[in-house]
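Contents: one structure, followed by commentary.
Source: prediction; values computed, not measured. Residue numbers run from 1 in the order of the sequence given.
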Amino acid sequence: MAEPAARADLSAQELARVEAVTRPTADFSRAEPFETMQGGAGTSRKPVTADAFSHPSANIGFEQRGEFHLGNALFRKLWVSSPSSTQASDGLGPLYNARACDACHVRDGRGHPPEFGPTSMLLRLARAAGTAEEQAKTAAHEALNFPDPVYGRQLQELAVPGAAGEGRVDIRYTEHEMTLGDGSAVSLRKPSYSVTDLSYGPLGPATTLSPRIAPPLIGLGLVEQIHPADILANADPDDRNGDGISGKAALVRDPAGGVVLGRFGWKAEQATIRRQAADALADDIGISSPQAPRHWGDCTEAEAACRALPTGVQARLGDTEAPTPIVDLIAFYAQNLAVPARREVDQPGVLAGKRAFTEMGCTACHTPKFVTRRDAPDKALAFQLIWPYSDFLLHDMGDGLADGQRVGEASGSEWRTPPLWGIGLTRTVGGHTFFLHDGRARNLTEAILWHGGEGQKARDRFAAASSAERQALIEFLESL
């Protein structure tokens with residue numbers, strides 16, 4: 001692997017400071033220094049409103065704020081089908097899931113399952129490598145997964161005039177009651193997924209379905225600047241320390257030819273925000289870019305009618321629908337969405353919940369803090385103490401949360417630990433409290449109780465705890 005095993009961006013004195021400040025605390029009688037500033041110097045101290053996730057990093061300059069607002073406009077732009085008199089906005093589809101980035105990332109926050117309203121959930125389609133060529137690509141980290149031979153990487157429910165949507169997602173829930181240690185009961189809902197009204201015949205027999213709701217976008221630029229050595233230091237794929245936690249690094253093929261650390265996406269399948277943005281433009285909206293030059297989006301060769309429709313490529317602007325400056329601005333916007341300040345960090349209930357979170361073993365995966373790299377290309381993101389509460393590694397979460405879909409290094413039951421910063425503002429920003437990759441959990445308690453596999457021990461401790469201790473842990477999470 002090409003990623004460094006140690007931090008070369010710090011002097012010995014700086015490294016000692018970083019190790020001291022990121023060391024887990026054992027004092028739960030008071031808040032730690034700088035704990036309210038969970039996004040470092042870029043933390044937003046704006047009043048908490050529905051726009052809490054949409055503010056620029058507090059430490060960027062005037063010129064950068066201009067770029068941020070341009071990126072914001074592009075993030076909210078409604079794309080239209082081709083040909084159109086509005087040439088700056090055409091190129092939609094022909095198949096798509098949304099017309100704008102913020103249709104899924106509502107107010108830059110967490111998506112939700114369909115029952116809450118217009119959906120911001122995608123259904124990924126993938127199958128295991130079959131041919132020798134596909135198996136070789138998997139071994140070389142060149143392919144994340146292999147699409148359905150007809151329907152592609154994900155199901156597209158919407159289409160421009162002249163094309164038909166691919167099908168419709170059908171979700172059925174069954175309720176399962178779980179009794180906790182104090183005798184109280186919690187009902188967990190288990191979803192099952194199918195696809196109906198398919199336009200081009202059945203899905204391939206080996207194709208698996210993986211629902212994904214859009215994750216919140218705050219703090220992405222800071223995550224991108226966590227030094228790889230600090231993430232790799234927490235990896236223990238063979239569980240050599242015997243604690244039952246075997247975090248695994250996600251290795252992905254870098255366009256430049258090397259193998260780098262994946263840290264974005266539900267299965268850590270993307271190494272950079274820029275690549276994540278380019279793939280989302282292509283797969284979700286059907287807009288091509290130099291990084292993802294797919295003018296017909298996720299329309300496959302088997303969907304001939306879709307491929308016959310016009311695209312939004314204009315020779316005067318280049319050979320893709322979203323030239324490099326467009327992707328640059330969208331990526332810059334996503335890199336500089338500020339993390340909101342913590343709230344009530346000194347409250348007794350929050351401090352008790354923080355202790356419970358640690359003692360139950362939650363921090364084995366949800367690593368509280370990091371210091372970003374000193375040599376970050378943007379000084380606003382450099383050498384910042386941040387509190388994402390994630391190790392950004394892959395963990396086996398058990399059969400209950402498994403989607404059966406292998407994505408690069410991630411097996412069908414492995415998921416990247418999601419950051420927890422901002423989780424307490426989910427209702428404020430999005431108007432709901434649906435959690436996990438498919439929104440099955442209707443609140444934080446349900447989300448914890450769905451943990452299995454490497455999260456089973458922590459889940460069992462939570463389930464066995466007193467009502468007061470469980471409530472304190474929830475209060476802590478709601479302060480993030």
Side-chain angles (χ1 to χ4, degrees), residues 50-54 68-82 84 86 88-125 152-161 163-169 171 210-218 220 264-266 270 273 276-289 292 294 296-299 312 321-322 326-327 329-334 337 422 425-435 437-439:
D51 294 321
F53 289 175
S54 299
F68 178 88
H69 291 302
L70 287 172
N72 179 28
L74 290 168
F75 195 81
R76 302 181 197 292
K77 172 200 278 284
L78 289 173
W79 296 86
V80 298
S81 59
S82 302
S84 169
T86 312
S89 299
D90 71 352
L92 176 69
L95 300 173
Y96 62 96
N97 290 107
R99 291 181 56 199
C101 301
D102 76 334
C104 292
H105 301 278
V106 181
R107 295 191 185 93
D108 305 298
R110 187 182 306 273
H112 53 76
E115 70 264 26
F116 186 72
T119 184
S120 49
M121 185 180 79
L122 303 174
L123 194 66
R124 290 289 177 88
L125 310 175
R153 295 175 179 82
Q154 62 194 45
L155 187 77
Q156 309 281 0
E157 294 189 283
L158 304 174
V160 301
E166 292 178 320
R168 185 174 61 84
V169 180
I171 310 174
S210 180
R212 314 279 179 87
I213 64 169
L217 299 177
I218 55 172
L220 295 186
F264 301 106
W266 282 103
Q270 299 287 7
I273 298 167
Q276 179 84 358
D279 279 352
L281 280 170
D283 292 339
D284 303 343
I285 307 178
I287 299 296
S288 61
S289 67
R294 303 190 290 274
W296 291 276
D298 193 37
C299 177
E321 294 161 322
I326 299 295
V327 182
L329 287 168
I330 293 174
F332 183 84
Y333 174 73
L337 282 165
L425 295 177
T426 300
R427 184 187 294 278
T428 300
V429 172
H432 68 85
T433 56
F434 294 108
F435 297 106
H437 67 282
D438 56 2

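Residues meeting the disulfide (SG to SG under 2.5 Å) test with Cys101, sequence neighbours left out: none. Residues forming a side chain to side chain donor-acceptor pair (under 3.5 Å) with Gln154 (at least two apart in sequence, or on another chain): Asn97, Arg124, Asp284. When the ring pair (Phe, Tyr, Trp, His ring centres under 6.0 Å) test is applied to Phe75, the partners found at least two apart in sequence or on another chain are Tyr333. Residues forming a side chain to side chain donor-acceptor pair (under 3.5 Å) with Ser89 (at least two apart in sequence, or on another chain): Lys77. For Arg76, the salt bridge (Lys or Arg N to Asp or Glu O under 4.0 Å) partners are Asp102, Asp108, not counting sequence neighbours. For His432, the ring pair (Phe, Tyr, Trp, His ring centres under 6.0 Å) test picks out His112, Phe116, Phe434, with sequence neighbours left out.
Closest non-hydrogen pair, Ala159 versus Gly165, comes out as CB-N, 3.5 Å. Between Ala277 and Ile330, the shortest heavy-atom contact is CB-CG2, 4.2 Å. The two atoms that bring Ala52 and Leu425 nearest to each other are CB-CD1, 4.1 Å, heavy atoms only. The minimum heavy-atom distance between Ala100 and Ile285, with the atom names listed, is C-CD1, 3.9 Å.
Using a distance-only test at 3.5 Å, with no hydrogens or angles considered, no donor-acceptor pair links the side chain of Gln156 to the main chain of Glu166.
A distance of 8.0 Å separates CD1 of Ile171 from CG of Asp438, quoted to the nearest 0.5 Å.
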